[in-house]
Amino acid sequence: MSTLEEVFEETYGSPPTLLVRAPGRVNLIGEHIDYNGLPVFPMALQHEVRLALRPRDDETVRLHSNDQRFPPIHFEIEPAIEPWKKGSWGNYAKAPAQELAERFGIWQGFDGVLESDIPVAAGLSSSSAIVNAVGLALAHISEVSTEPRSLAAVMADAERYVGTQGGGMDQAISLGARDRCAAKITFHPLRLRHVVVPDDWCFIVADSGDVAEKSGALQAAYNLRRKECDEALRVMTAHLATEKITAQLCMSYPDLCGTIDAETLIKISEQVLQGSLLRRFRHAVTEAARVDEAVDRMLAADVHGFGALMDASHASLKTDYHVSTAALDELVAVAKEGGAAGARLTGAGFGGCVVVLASRWTVGEVLETLVTEYFERRHQAERLEERLFVAVPCRGASIREI
Ligand code: NG1
């Protein structure tokens with residue numbers, strides 16, 4: 001098989017001058033709360049997007065993918081780039097171009113060839129890795145700051161171009177991660193606290209096989225949850241102000257969670273909110289508390305404590321947030337049967353992957369159980385290395401001259 005550089009030369013007739021890499025991520029805990037400004041705890045993966053490129057002297061971006069499913073694209077950089085139809089992969093390249101053009105007036109394009117080994121539509125952020133890789137390339141060419149946190153904030157806004165009202169977790173971890181570490185990410189302002197993953201902890205990623213393509217119906221379901229969280233916050237803050245429960249007006253989830261403890265907040269919400277608003281709010285508040293606790297459990301190398309928090313997170317995502325599926329629930333149950341310390345769906349849900357925590361001493365047994373009790377039973381044992389692997393915490397995106 002040809003290397004990325006060889007494909008570039010065959011495609012464009014001269015060698016590339018820059019090489020970018022941007023990893024996917026697995027979120028350990030803190031699901032569906034980044035868009036509420038609440039903390040999350042992901043780590044970057046060994047699977048990544050790689051982009052070989054050569055800057056051009058004009059506004060054109062030409063991009064080939066090594067993956068036959070993604071046809072070649074080209075477009076001109078300008079502040080208002082018309083998106084292609086929903087679900088087109090090229091929109092993930094247009095997104096950073098348009099954001100950087102609008103904010104910083106960049107115009108210089110490139111010829112590029114891209115390859116990725118991040119499973120697509122599996123909740124491992126394959127899309128943000130493309131946004132980040134193209135964004136890093138364009139920012140570098142035009143001498144816009146590529147400092148991870150400032151670029152991550154720009155890329156989080158950029159990706160909303162595709163229609164998903166996401167938070168900033170994926171862009172931040174893919175750009176800012178450190179080797180061997182997970183990172184607790186807090187927002188407004190964006191900060192990453194790097195925590196070394198204990199050597200004897202193994203995070204397994206297992207793909208349910210249900211595609212979680214976040215365009216169309218799933219995008220609407222995702223955006224609806226964000227709206228429900230906003231509405232629940234509005235009702236709660238109005239109540240707290242009227243009842244004079246808080247001295248000052250809590251305008252955001254971090255304000256609220258920083259002012260009143262989770263248990264009290266849940267008690268109040270059970271009197272003030274109903275139905276799905278109550279459930280979404282309860283998930284957000286309890287999940288934020290689990291993130292703080294999980295960081296402490298990792299620092300204390302308490303594998304069972306961390307695992308219990310993952311189990312509680314999955315239960316909350318299933319019953320209060322309604323983003324799990326039968327296949328994800330089954331994978332979680334099988335992993336637990338095999339001796340996992342904890343297991344939960346990871347990413348947006350509605351399909352995709354689970355993340356499973358096992359110790360070095362139990363990981364073999366857990367993997368074996370997942371193979372026999374899930375993948376073989378469902379006749380999904382082909383190309384298993386892409387669907388079941390132990391995640392290696394890797395450093396964030398980089399760019400280098402070649
Ligand atoms: P994935 O799993 O990549 O679809 C999405 C959002 C995140 C976060 C998670 C749920 C984007 C780019 N990503 O991730 O910000 O909200 O869902 O925790 O929208």
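We count ligands from 1, going down the list as the structure has it; atoms in each ligand are counted the same way.
Salt bridge Arg282/Glu270: present, at least one basic N to carboxylate O contact under 4.0 Å.
Any N or O atom pair closer than 3.5 Å counts here, and Asn27 shares no such pair with ligand 1. Checked against a 3.5 angstrom limit, the closest N/O atoms of Gln171 and ligand 1 fall outside it. For the pair Tyr222 and ligand 1, the shortest N or O to N or O distance falls below 3.5 Å. Looking at Gly168 next to ligand 1, no N or O pair under 3.5 Å apart turns up. For ligand 1, the polar-atom distance check against Thr164 finds no nitrogen or oxygen pair separated by under 3.5 Å. In terms of polar-atom proximity, defined here as any N/O pair under 3.5 Å, Gly347 makes no such contact with ligand 1.
The option from Val26, Thr346, Asp34, Leu218 that lies nearest to atom 7 (C) of ligand 1, judged by heavy atoms, is Asp34.
Taking the six-membered ring where the residue is Trp, the centroids of Phe8 and His64 are separated by 6.0 Å or more.
At least one donor-acceptor pair closer than 3.5 Å links the side chain of Thr346 to the backbone N or O of Asn27.
Of all atoms in ligand 1, listed by their number and element, those nearer than 4.0 Å to a heavy atom of Gly123 are 2 (O). Shown in contact with Tyr35 at under 4.0 Å from a heavy atom are these atoms of ligand 1, numbered in order with element: 16 (O). Remark: ligand 1 atoms within the under-4.0 Å shell around heavy atoms of Ser125 are 3 (O). Atoms of ligand 1 lying under 4.0 Å from any heavy atom of Gly167, numbered from 1 in the order shown and given with element: 15 (O). Residue contact check: Gly166 has heavy atoms under 4.0 Å from atoms 19 (O) of ligand 1. Using a 4.0 Å cut-off to heavy atoms of Glu159, the atoms of ligand 1 that qualify are 12 (C). Listed by number with element, the atoms of ligand 1 under 4.0 angstrom from any heavy atom of Met169 are 8 (C), 9 (C), 18 (O).
The two residues Ala358 and Ile204 have their closest heavy-atom pair at CB-CD1, 4.5 Å. Cys257 and Val285 get closest at one heavy-atom pair: SG-CG2, 4.3 Å. Annotation for Met251 and Leu233: closest pair O-CD2, 3.6 Å, computed over non-hydrogen atoms.
The nearest heavy-atom contact from the protein to atom 4 (O) of ligand 1 is Lys214 CE, 2.7 Å. For atom 10 (C) of ligand 1, the nearest protein heavy atom (residue, atom name, distance) is Glu31 OE2, 3.4 Å. Atom 11 (C) of ligand 1 has as its closest protein heavy atom Asp170 OD2, 3.6 Å. At the top of the distance list for atom 2 (O) of ligand 1, counting protein heavy atoms only, stands Ala348 N, 3.0 Å.
Side chains of His314 and Asp329: a donor on one and an acceptor on the other come within 3.5 Å. Glu287 and Ser313 form a side-chain donor-acceptor contact under 3.5 Å, judged by distance and modelled atom types alone. No hydrogens or angles considered: a donor-acceptor pair under 3.5 Å links the side chains of Ser128 and Glu159. Counted by atom type alone, Thr17 and Arg54 present zero donor-acceptor pairs between their side chains at under 3.5 Å. In this structure, a donor-acceptor pair under 3.5 Å is absent between the side chains of Asn91 and Ser88. Counted by atom type alone, Gln108 and Ser142 present zero donor-acceptor pairs between their side chains at under 3.5 Å.
The proximity of Ser128 to ligand 1, defined as any non-hydrogen pair under 4.0 Å, is limited to the side chain. Of the heavy atoms in Met155, none comes closer than 4.0 Å to ligand 1.
Because its NZ or CZ atom is not both nearer than 6.0 Å to the ring centre of Tyr321 and within 45° of the ring axis, Arg279 does not count as a cation-pi partner of that residue.
By the 4.0 Å heavy-atom criterion, Arg25 is counted among the residues contacting ligand 1.
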